[in-house]
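Have a look at the structure below before the remarks.
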Amino acid sequence: MKKQQKTEEGPDFNKALGLEFRTTRNQLGCSLDTLAQHLKMSKGNLSRLENGHVKFTVETALAYAAALGFAELNLKTGLVDEAGKIIEG
């Protein structure tokens with residue numbers, strides 16, 4: 001089994017990232033249930049990620065960003081759109 005790489009950031013980073021993801025998901029009109037199914041994850045675990053109660057792995061953060069339609073996720077600057085512009089919450 002492949003060990004998942006953890007983010008190097010602390011709890012504040014995870015809370016901020018989760019909030020950014022939740023805000024964007026809501027703005028897109030995507031339900032927690034729909035995204036959880038897409039990511040093959042339980043709604044409860046997805047909610048804990050969005051609320052900063054559990055740490056994002058790099059793989060989960062990248063999958064989440066891709067599912068919301070972002071071109072990339074830079075763990076230092078945040079979400080980046082197709083034009084390379086940093087998305088601010």
Side-chain angles (χ1 to χ4, degrees):
M1 177 184 266
K2 182 180 173 185
K3 185 176 179 182
Q4 290 191 337
Q5 184 179 4
K6 300 230 185 221
T7 60
E8 296 294 323
E9 309 298 332
D12 290 339
F13 174 82
N14 281 285
K15 282 188 178 195
L17 184 60
L19 176 62
E20 187 67 34
F21 280 146
R22 184 177 63 241
T23 300
T24 302
R25 177 180 58 75
N26 288 329
Q27 288 173 344
L28 293 172
C30 180
S31 72
L32 189 68
D33 187 50
T34 298
L35 186 59
Q37 288 178 14
H38 179 78
L39 294 173
K40 297 182 173 106
M41 161 183 303
S42 74
K43 280 181 11 181
N45 195 41
L46 190 57
S47 177
R48 285 188 290 278
L49 283 167
E50 287 187 349
N51 288 301
H53 297 298
V54 293
K55 285 181 123 181
F56 279 94
T57 63
V58 172
E59 291 84 2
T60 302
L62 292 173
Y64 202 125
L68 293 178
F70 293 102
E72 65 182 87
L73 170 65
N74 182 315
L75 295 177
K76 295 295 181 193
T77 60
L79 302 167
V80 179
D81 70 10
E82 290 291 333
K85 179 182 173 203
I86 296 172
I87 307 295
E88 296 187 29

How long is the gap from [atom1] on [X] to [atom2] on [Y], to the nearest 0.5 Å?
{"X": "Leu46", "Y": "Arg22", "atom1": "CG", "atom2": "CZ", "result": "10.5 Å"}
{"X": "Thr24", "Y": "Leu19", "atom1": "OG1", "atom2": "CG", "result": "9.0 Å"}
{"X": "Met41", "Y": "Leu49", "atom1": "CE", "atom2": "CG", "result": "5.5 Å"}
{"X": "Asn14", "Y": "Asn51", "atom1": "CG", "atom2": "CG", "result": "12.0 Å"}
{"X": "Asp33", "Y": "Lys43", "atom1": "CG", "atom2": "NZ", "result": "5.0 Å"}
{"X": "Glu20", "Y": "Leu68", "atom1": "CD", "atom2": "CG", "result": "10.0 Å"}

For the residue pair Tyr64 and Phe56, categorise the inter-ring angle as parallel (less than 30°), tilted (30 to 60°) or perpendicular (more than 60°).
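Rings of Tyr64 and Phe56: perpendicular, as their planes differ by over 60°.
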Would you say Arg25's side chain and Cys30's backbone share a donor-acceptor pair under 3.5 angstrom?
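Confirmed, Arg25 side chain pairs with Cys30 backbone.
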Of Leu32, Asn45, Leu17, Asn26, the residue whose pairing with Glu50 passes side chain to side chain contact (heavy atoms under 4.5 Å, CB included)
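Only match with Glu50 under side chain to side chain contact (heavy atoms under 4.5 Å, CB included): Leu32.
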